[in-house]
Amino acid sequence: MENKPSRKLSDREVVQYTSTLWKYKAIPKKEIIPEPAPEYLKENHTIGDFQVIAARVRGKKHKNDGSNCDDWFATENVEGIFVSAVADGAGSKKFSRIGARESCNAAVMFLKIHLEKLLKKYPALRADLSKNMATRIFSDAASLLANLIQEAAQRARAAVVNAYKCRKSYDRYKKVVGRELQLKDFSSTLLLTVAVPLPNIGEVLIIACQIGDGIIAAMNTKENFDKALTLLGVPDSGDFAGETDFLTNPAFALKENLASRTRLSRKPIDLILSMTDGVADDYYPNEVQLRRLYFDLIVNRILQLSKDEEPLSLQKSDGSKLKTSIQYTSEICETLNLTLEDIWKNRESLINIAKEIPYNRYYNSAMRLQEWLDNYTLRGSFDDRTLVILWKGGASYDQQDSKGNSDG
């Protein structure tokens with residue numbers, strides 16, 4: 001009998017199969033591994049006309065190994081100014097999750113306290129930030145914020161150093177690593193964002209500081225396809241190819257070494273995205289594919305209602321037998337023979353593809369974001385996922401605002 005050539009499996013067929021191979025193991029109890037990280041973290045609240053929608057989930061590899069999530073994030077509303085910190089602990093370092101948590105919390109608390117002081121001392125700050133960007137008035141006002149965000153990064157590093165020093169003499173931490181603790185055991189990236197809405201001129205001033213990989217991006221979804229996206233951070237490289245830099249690097253104790261990692265933008269903006277590489281790598285090259293991320297947030301009802309005609313159902317990554325419906329812009333493009341730019345020009349085509357996808361109407365946007373991050377499947381994607389969104393536009397389907405942690 002003549003052998004027929006084997007058929008190449010589609011991505012859908014591959015992920016349908018490989019999703020069943022990943023196992024789920026619970027987070028180790030604190031008696032075994034000190035300071036376990038919660039399975040999930042999410043926030044959903046408003047800042048003026050904007051929504052904050054954020055979630056962090058444990059990646060498939062950690063679930064399979066029964067190890068902790070290394071990501072963390074924190075957000076704050078400071079008199080209408082959005083502040084966020086996102087961190088990704090080094091996967092090879094046993095206590096990097098502590099470094100990620102401590103750096104985020106310290107940076108956001110520092111910014112909250114000192115922004116409040118700054119606004120009280122300079123009540124004209126927002127007005128000055130709205131001036132012509134070529135003027136000295138604007139430059140001086142923006143410099144105040146740039147100085148604060150760099151000091152916040154320094155404070156974040158100091159918090160990680162302190163976390164190390166407080167734990168280095170405890171045997172239960174030494175037992176985990178099998179030696180004396182080192183500062184590098186708490187290694188983490190850090191992405192800081194301060195966004196000041198300026199409604200009098202219809203723009204948002206954004207200052208960002210990034211150490212390590214991940215992405216901070218701003219988008220004007222009403223702009224032309226090729227002009228809509230602004231990247232506000234360039235992932236740092238370490239000493240070797242494929243390596244990233246971390247906050248524990250002694251260089252980041254000095255403000256001058258943070259200046260080159262600080263970016264400023266003032267534009268009409270309705271979407272800001274801060275994410276660890278667990279999401280950023282799934283949307284590479286970011287200069288184009290972050291638009292696909294925006295569309296995926298739409299079709300999965302995180303930003304607004306829409307649906308795909310034939311949802312992809314997979315076993316949920318928490319090990320349960322329940323199914324979840326995840327929509328993929330890439331599949332929609334393939335089915336309808338559309339490019340991302342085609343959809344950008346006619347977003348109604350994305351929303352009107354189908355009308356009745358089941359979803360929990362009592363979920364707010366952060367709950368839907370958490371479920372989507374926890375369950376979308378892509379070949380080669382297994383890392384922790386964190387995404388923090390500042391969003392102005394579309395309809396809101398939230399039942400109520402919420403802010404806090406979740407372990408389930």
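From a predicted model like this one, the values you see are computed outputs, not experimental measurements.
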Problem set entry | Heavy-atom check, side chain of Tyr283 versus side chain of Asp296, under 4.5 Å | yes
For this session: Mind checking side-chain contact (heavy atoms from CB on, under 4.5 Å) for Thr339 and listing every partner two or more places apart, or none if nothing turns up?
Result: Glu341, Asp342
Exercise. Does Asp49 reach the main-chain N or O of Lys392 with its side chain, forming a donor-acceptor pair under 3.5 Å?
Worked result: no
Exercise. For Leu258, does its backbone N or O pair with a side-chain atom of Ser260 as donor and acceptor, under 3.5 Å?
Worked result: no
Exercise. For residues 104-127, which residue pairs qualify under ring pair (Phe, Tyr, Trp, His ring centres under 6.0 Å), counting only residues two or more places apart or in two chains?
Worked result: Phe110-His114
Exercise. Does Arg347 reach the side chain of Phe295, with side-chain heavy atoms less than 4.5 Å apart?
Worked result: yes
Per-pair distances, 0.1 Å, donor-acceptor, side chain in residues 191-201, under 3.5 Å, sequence neighbours excluded:
residue : atom : partner : partner atom : Å
Thr193  : OG1  : Ser274  : OG           : 3.4
Asn200  : OD1  : Ser130  : OG           : 3.3
Asn200  : ND2  : Ser130  : OG           : 3.3

For this session: First locate atom CD of Gln154, then atom CG of Leu254, and finally report the distance between them rounded to the nearest 0.5 Å.
Result: 7.5 Å
Problem set entry | Contact summary for Ala218 and Leu232, nearest pair of heavy atoms | CB-CD1, 3.9 Å
Seminar exercise, completed: side-chain contact (heavy atoms from CB on, under 4.5 Å) filter on Ile113, not counting sequence neighbours, yields Met109, Lys117
For this session: Take Arg179 and Asp185 through the salt bridge (charged side-chain N to carboxylate O under 4.0 Å, His left out) test and state the conclusion after the steps.
Result: CA-CA 11 Å; Arg179 53 167 170 75; Asp185 294 320; 2.7 Å; yes
Problem set entry | Heavy-atom side-chain proximity of Arg97 to Ile33 below 4.5 angstrom | yes
For this session: Please round to the nearest 0.5 Å and tell me the distance separating atom CD1 of Ile47 and atom OG1 of Thr75.
Result: 6.5 Å
Exercise. Do the side chain of Asn44 and the main chain of Ser365 share a donor and acceptor less than 3.5 angstrom apart?
Worked result: yes
Exercise. If every non-hydrogen atom of Gly278 is compared with every non-hydrogen atom of Asp383, which pair is closest and at what distance?
Worked result: CA-CB, 3.9 Å
Exercise. Are the side chain of Arg368 and the backbone N or O of Arg301 linked by a donor-acceptor pair below 3.5 Å?
Worked result: yes
Exercise. Does the Asn64 side chain pair with the main chain of Lys60, one donor and one acceptor, at a distance under 3.5 Å?
Worked result: no
Exercise. Any side-chain heavy atom of Trp372 sitting closer than 4.5 Å to one from Val57?
Worked result: no
Exercise. Can a donor-acceptor pair be found between the side chains of Lys255 and Asn147 at a distance below 3.5 Å?
Worked result: yes
Exercise. Looking just at side-chain N and O atoms, do Tyr376 and Asn300 make a donor-acceptor pair shorter than 3.5 Å?
Worked result: no
For this session: Could you tell me whether Lys267 and Glu223 make a salt bridge, using a distance below 4.0 angstrom between a side-chain N and a carboxylate O?
Result: no
Problem set entry | Test ring pair (Phe, Tyr, Trp, His ring centres under 6.0 Å) applied to Phe82 - qualifying residues, sequence neighbours left out | none
For this session: Report yes if the side chains of Arg157 and Ile211 come closer than 4.5 Å at any heavy-atom pair, otherwise no.
Result: no
For this session: Taking ring pair (Phe, Tyr, Trp, His ring centres under 6.0 Å) as the test, write out the residues that go with Phe95, two or more places apart.
Result: Tyr173, Phe186
Exercise. Can you list the steps and then say if Lys63 with Asp374 is a salt bridge (charged side-chain N to carboxylate O under 4.0 Å, His left out)?
Worked result: CA-CA 11 Å; Lys63 290 175 179 176; Asp374 206 28; 2.4 Å; yes
Exercise. Does the pair Glu151/Arg155 count as a salt bridge with the N-to-O cut at 4.0 Å?
Worked result: no
Problem set entry | Side-chain donor-acceptor contact under 3.5 Å, Asp88 with Thr276 | no
